[in-house]
Amino acid sequence: MSDRAKLLLVDDRAENLLALEAILEPLDADLVRAASGEEALRRLLHEEFAAILLDVQMPGMDGFQTAELIKQRERTRHVPILFLTAISKDAEHIFRGYSAGAVDYLMKPFDPLVLRTKVAVFIELWQKTVEIRRRDALLAEQELAAVERESEVRYRSLADAVPQIVWTADANGVITYRNERWFELTGLGRDTAIAWQDFVHPDDAAATAEAWSEALRARTPLDAEYRIRLADGSYRWFLGRALPTPDGWVGTSTDIEDRKLAEERQAFLAEAGWVLGSSLDYEQTLADVARLAVPRVADWCAVDIFVDGKLERLALEHADALKLALARELEEPMLSAVTVATRTTEPVLVKEIDERALAAFRFNDAQLEIARTLAPRSYVTVPLTARGEVFGSVTLVTAESGRVYGDEDAALAQELARHAAAAIDNARLYAEVERRSRAASALEAVGDGVVLVDRDGVIRLWNTAAATITGVSEAEALGRRIEDVVHLWSEIAPLIPVASQPGEPVRAETVPVEFGGRELWISGSGVGFEQGTVYAFRDLTEEKALEEMKADFVATVSHELRTPLAAIYGSAQTIRRTDIDLAPEIRDQLLGVIASESDRLGTIVNDLLVAGRLDADQLPVSVERCDPAELAATVLESARTHLPENVELELRVAERIPGVVADPGQLHQVLVNLVDNAIKYSPEGGPVLLSVANGDGAIRFEIIDTGLGIPASEHRRIFEKFYRLDPDMTRGIGGTGLGLYICRELVRRMDGKIWVESKPGQGSTFFVELPAAS
Ligand code: ADP
């Protein structure tokens, strides 16, 4: 509203308006003309007037009608109207004018002074109204300001009351307001001009700056985590949130140090768990964990392990090597303090290490000095326990970080100790399992049968050798009672010596045991222990058979040797006699006996020598091309020298026989043996045929007799060493059981084959095949 008053002059006659203007000119007001009622109303729509001077007599809308409309409008209702009229002086007119809202009624011609005075009153009134309105407005403004002030105070005290830092910044990011919490936490003076870089941790500056400019660019809320430097120089984690406002930013910074620590603890535990689980070398992993703990959850970390009942330091970690070296001086008193701490399974937490706490370590003066230099703040020691056994401890200490340990940290240490203990336990169990599995595989690999029978007589272990020796599989034996598996166990068991404890010497005994109808000779012994008895045994069946064979052999050979010796001795004695006169032919006969029996002795001894050399693999073979027919002929020739009368020898050689590849001396011996046998085992006499034929790339010798024959079941065994069909010589035919063994071995060495076809009572045919010369 302008300060100058306006007067609206309404008259249809310009000369009247001019006259009015002339009268009112000296007044402090702007004069506005209107030539009709309509124009006056239009003017009133847009402007405010101190008063209206209204002519009554106008063509169209007259003064009264105009006044009525003015009075109807809310905004113009109170504008004073002065009617101007020349004619209507009568009372009715005047009444109409007042009822239409006139404040005065002036007759033309006017007295200028009176008119001016009257109008001036309205101008003054208007000015007062304006002044009042101005004052009102001012007052309202002041009141508003007061309210605003009050709300700001309220807002600030609210901001000061919240635990967060609250701040506002202008659009350029310059901090315009910080709440009390800010000053409390950072200790930065109220007058200090600050940029956020002054208090945000340098490591977090880049990320924070990026978040800020991103929020600024996108006009989106800002969210960032950063560390703020506190009054004492340490840092704490805050979560910053800021919202853009029309004139900048309003933001909060919430202390999330505890959450961050918890996260850090969780992350550390997870990583420590991973490290501990990554290897079975727990000494190494524990040292790794100590390294992991510093500085994330501690400034110092010590891991101590009991070795033979004495606590020893496995690892000590600190970021500063110099301090580490100093701390080693404190090892002994610290270890004894930790030893005390491990007597309970609970963690020992010392929140503030004061002089009294230091005294508890019983440091000597020099050590105390070092301890004070290192200035530990808090510590927590937790024992490492598994299966109720304490095998060490972990100690976390704070110093330069200024952290004070609380219950959460004790819980963390305990959790770490649990992880570590589990890892150690695992490693030990694994080592034990490893040891057992090695023992088990040794048991499986060993050649001796090993059987564990528990206290109830049930078989709990039956190794591979036990299965091989007995022919009873592990599956068949395990879980069954030993007497159900071993035939006549109750009779055998007392024969097996059992030591009452491991390590006690005991001699194994050889006992016969039957498995599946097979008799085995088993040499076994046992050891009793708390879970039962372990039996170890080996199969001596073969050894036993060999032993028997050897005994038989000794008997046979001695008999074989004694017979010719007796004949030689008898003949010699007879020749030496002087009391009787021997006829020359008798004498010749006796000498003949001596010669042939000596020969027989020589053969036996030779066989023994050859067999021995074959066993020792000391018989050289040198093959060459030989004539098979010629060889066969010499064999028969030498046989004829001692041929019984009832046996006829025959040689049959196929035509165009090629050479044979053999050691001639050894092939000769093979054929001699076979022909001798054919003669020997034809006690009734009969033909003995030696045939030489051409086989498929081989030369085949056949020695055919019509003698005793050999049962099919013995066809293989007769080639075994010392094996004889009739060891007791019921038929009176002697022998060492070496002849065929020697034949087989010699033929094998010359890359040939030897076998027999025979039936008892129908004679035998021995075949020898050797490579033909090309
Ligand atoms: P021995 O010195 O007993 O003859 P050998 O090894 O030469 O030993 O023969 C082994 C066994 O084979 C003999 O004891 C005999 O029972 C049997 N045997 C060997 N040759 C014949 C054969 N031609 N006819 C019947 N039995 C034979």
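Atoms within a ligand are numbered from 1 in the order they appear, just like the ligands themselves. What's counted below: heavy atoms across the whole structure, side chains too, no hydrogens, waters or symmetry copies. Because the structure is predicted, anything quoted here is derived from the model rather than measured.
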Which atoms of ligand 1 are found less than 4.0 Å from any heavy atom of [X]?
{"X": "R724", "value": "1 (P), 3 (O), 14 (O)"}
{"X": "G739", "value": "5 (P), 6 (O), 7 (O)"}
{"X": "G735", "value": "1 (P), 2 (O), 3 (O)"}

Discussion item. Whether the side chain of D663 engages the backbone of S622 through a donor-acceptor N/O pair (distance < 3.5 Å, no angle test) should be reported.
Written reply: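 A pair under 3.5 Å: yes.
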
Fill in: Donor-acceptor pair, side chain of T510 and main chain of I522, under 3.5 angstrom
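Here the side-chain-to-backbone pair does not exist.
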
Worksheet entry | D705, portion touching ligand 1 at heavy-atom distance under 4.0 Å |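 The part of D705 near ligand 1 is the side chain, not the backbone.
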
Worksheet item: Judging by distance only, is a nitrogen or oxygen of D726 under 3.5 angstrom from one on ligand 1?
Response: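 No: no nitrogen or oxygen of D726 is under 3.5 Å from one in ligand 1.
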
Worksheet item: For atom 11 (C) of ligand 1, which candidate among Y723, F719, F722, F766 provides the closest heavy atom?
Response: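 It is Y723 that holds the nearest heavy atom.
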
Item to complete: With atom 17 (C) of ligand 1 as the reference point, say which of I718, L708, V675 has the nearest heavy atom.
Response: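 Among I718, L708, V675, the closest heavy atom to atom 17 (C) of ligand 1 belongs to I718.
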
Practice prompt. State plainly whether the residues R435 and E432 are in salt-bridge range, i.e. N to O under 4.0 Å.
Written response: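 Counted as a salt bridge, because a side-chain N and a carboxylate O are separated by less than 4.0 Å.
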
Worksheet entry | Y741 and D615 side chains, donor-acceptor separation under 3.5 Å |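 Judged by distance alone, the side chains do pair up.
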
Item to complete: Distance to 0.1 Å, residue and atom name: give those for the protein heavy atom nearest to atom 13 (C) of ligand 1.
Response: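 Atom 13 (C) of ligand 1 sits closest to the protein heavy atom Y681 OH, 3.2 Å.
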
